[in-house]
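First the proteins, then the strands, lettered A, B, ... as listed; each starts at 1.
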2 protein chains.
Amino acid sequence: MKKYLCGDAHEAEKNIPDDNIASELADFLKIFADMTRIKILYALLDMELCVHDIATILNMEQSAISHQLRLLRQYKLVKVRKEGKSSYYSLNDSHIHEILIRGYEHISE
Amino acid sequence: MKKYLCGDAHEAEKNIPDDNIASELADFLKIFADMTRIKILYALLDMELCVHDIATILNMEQSAISHQLRLLRQYKLVKVRKEGKSSYYSLNDSHIHEILIRGYEHISE
DNA sequence: TGAACGTATGAGTTAATGTTCATATGTGTG
DNA sequence: CACACATATGAACATTAACTCATACGTTCA
């Protein structure tokens with residue numbers, strides 16, 4: 001597996017995560033790397049909201065919000081509670097809450 | 001600015017970052033949310049590398065690597081040092097180093 | 001100075017992602 | 001039951017982003 005290298009780069013190779021890990025990490029970060037989803041998550045920071053209200057607050061179509069909420073659900077970032085005609089979304093656990101708070105700190109540096 | 005809401009969602013509005021902040025945060029996260037860039041960053045974790053070696057190690061075209069390095073440069077995640085024919089890249093500061101270490105911890109949960 | 005090597009970059013192609021539109025499903029209400 | 005409202009979802013469309021290809025630029029060395 002020897003390859004031609006300018007420097008002693010084999011050392012560096014050890015730190016590179018393999019494809020599975022790297023893409024898993026990339027996918028996880030991708031969910032947060034979208035303005036709409038960021039806004040949704042921060043909207044849910046300390047209260048649950050129904051789809052209609054999220055759409056209203058963000059001034060976006062209900063459909064767009066639903067699509068994004070599906071993604072957030074799939075990645076277990078939010079959970080749903082159905083009551084009557086509405087679906088109420090909230091952050092899935094305090095871990096997500098913590099990540100968002102950290103994000104805020106980081107951006108305000 | 002009153003809008004129709006099912007619940008008391010105006011509370012939630014306060015937590016939503018405005019467009020500038022949200023897109024800045026999204027853009028920042030987008031850089032990390034890509035497998036190639038993740039690998040590059042981890043390759044640079046504790047040594048500088050020239051473009052050719054990064055391409056070789058990651059088994060990718062030099063051009064693709066250069067394009068990604070340009071992005072990483074623009075966002076100040078890496079810095080360059082030119083020596084002779086080569087450009088040696090390294091992480092820009094220990095802050096980035098710390099973020100990457102955290103990322104590793106997170107993914108191994 | 002010309003050839004080889006290392007890197008950067010614009011253009012084109014393709015793949016992935018986000019939004020809209022149309023519509024289906026489900027729930028409450030007159 | 002018929003209708004309105006809330007949500008979900010597939011398909012079409014638009015945008016973005018990553019890679020390849022071709023090529024230019026800069027450096028070294030014969």
Side-chain angles (χ1 to χ4, degrees), chain A residues 3-7 9 19 22-24 26-41 43-44 48-75 77-90, chain B residues 3-7 9 19 22-24 26-41 43-44 48-75 77-90:
Chain A
K3 315 155 196 166
Y4 166 67
L5 293 171
C6 309
D19 283 24
S23 80
E24 189 185 343
D27 287 349
F28 179 73
L29 291 169
K30 264 185 200 128
I31 314 175
F32 291 94
D34 175 81
M35 196 170 83
T36 301
R37 289 191 292 272
I38 285 176
K39 288 186 182 175
I40 293 175
L41 289 170
L44 299 176
E48 64 174 14
L49 292 171
C50 66
V51 178
H52 173 265
D53 283 2
I54 298 175
T56 304
I57 293 178
L58 298 191
N59 196 32
M60 290 182 64
E61 302 233 347
Q62 169 265 317
S63 176
I65 300 299
S66 274
H67 279 296
Q68 297 300 348
L69 284 170
R70 188 155 66 96
L71 257 181
L72 294 172
R73 241 187 298 130
Q74 285 173 350
Y75 280 85
L77 298 188
V78 301
K79 58 178 187 290
V80 210
R81 177 178 70 83
K82 309 237 175 193
E83 182 184 320
K85 290 180 291 189
S86 300
S87 296
Y88 290 91
Y89 282 83
S90 56
Chain B
K3 314 154 195 165
Y4 167 68
L5 294 171
C6 310
D19 281 25
S23 79
E24 190 184 343
D27 286 349
F28 179 73
L29 291 169
K30 263 183 199 130
I31 312 174
F32 292 94
D34 175 80
M35 198 171 83
T36 300
R37 288 190 293 271
I38 287 176
K39 288 185 182 175
I40 293 176
L41 290 170
L44 299 175
E48 64 174 13
L49 292 172
C50 66
V51 179
H52 173 264
D53 284 2
I54 299 175
T56 305
I57 293 178
L58 299 191
N59 197 32
M60 289 181 64
E61 302 233 345
Q62 169 266 319
S63 175
I65 300 299
S66 275
H67 279 297
Q68 296 303 344
L69 284 171
R70 187 157 68 96
L71 259 180
L72 293 172
R73 243 187 298 133
Q74 285 172 350
Y75 280 86
L77 298 188
V78 301
K79 57 178 187 290
V80 212
R81 177 178 72 83
K82 307 237 178 194
E83 182 183 321
K85 291 179 287 188
S86 299
S87 298
Y88 290 91
Y89 283 82
S90 57

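Looking at residues two or more places apart in sequence or on another chain, you find a side chain to side chain contact (heavy atoms under 4.5 Å, CB included) between Ala33(A) and Leu29(B), Lys30(B), Ala33(B). When the side chain to side chain contact (heavy atoms under 4.5 Å, CB included) test is applied to Lys85(B), no partner is found at least two apart in sequence or on another chain. With sequence neighbours excluded, no residue satisfies salt bridge (charged side-chain N to carboxylate O under 4.0 Å, His left out) with Arg73(B). For Arg81(A), the salt bridge (charged side-chain N to carboxylate O under 4.0 Å, His left out) partners at least two apart in sequence or on another chain are Glu48(A), Glu83(A).
Expressed to the nearest 0.5 Å, how far OG of Ser87(B) lies from NZ of Lys79(B) amounts to 14.0 Å.
Between Glu83(A) and Val80(B), the residue anchored closer to the 5' end of DNA chain C is Val80(B), taking for each the nucleotide with the nearest heavy atom.
Proximity note for Ser87(B) (side chain, C-beta onward) versus dG26(C), dA8(C), dT9(C): the nearest is dA8(C). Taking every side-chain heavy atom of Lys85(A) into account, dC5(D) is the closest of dC5(D), dT7(D), dA8(C). For Ser86(A), the side-chain atoms get nearest to dT7(D) when compared with the rest of dG6(C), dT27(C), dT7(D).
Remark: P of dA8(C) and CG of Leu69(B) are 7 Å apart, rounded to the nearest angstrom. Between the CD1 atom of Ile31(B) and the C1' atom of dT16(D) there is a distance of 15 Å, rounded to whole Å. Rounded to an integer number of Å, the gap from Tyr88(B) OH to dC5(C) P is 16 Å. Straight-line distance from the CG atom of Asp53(B) to the P atom of dT7(C): 8 Å, rounded to whole Å. For Glu48(A) and dT7(D), the CD to P distance is 12 Å, given to the nearest whole Å. In this structure, the NZ atom of Lys82(B) is 9 Å from the C1' atom of dG26(D), given to the nearest Å. Protein atom OH of Tyr75(A) is 12 Å distant from nucleotide atom C1' of dT17(C), rounded to whole Å. Look at CZ on Arg81(B): it is 18 Å from C1' on dA8(C), rounded to the nearest Å.
Base engagement by Ser66(B) is indicated by at least one non-hydrogen atom pair under 4.0 Å involving a base atom.
Between Tyr89(A) and dA6(D) there is no side-chain N or O to OP1 or OP2 distance below 4.0 Å.
Using a 4.5 Å heavy-atom threshold, the side chains of Leu69(A) and Ile54(A) count as touching.
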Only distances under 3.5 Å count here; give the side-chain donor-acceptor pairs of residues 57-66 of chain A to other protein atoms, sequence neighbours excluded, each with its distance to 0.1 Å.
{"residue": "Gln62(A)", "atom": "NE2", "partner": "Ser66(A)", "partner atom": "OG", "Å": "3.1"}

Per-nucleotide protein contact string for nucleotides 17-23 of chain D, where B marks a base within reach and S marks sugar-phosphate only (heavy atoms under 4.0 Å, - for neither): SSSBB--
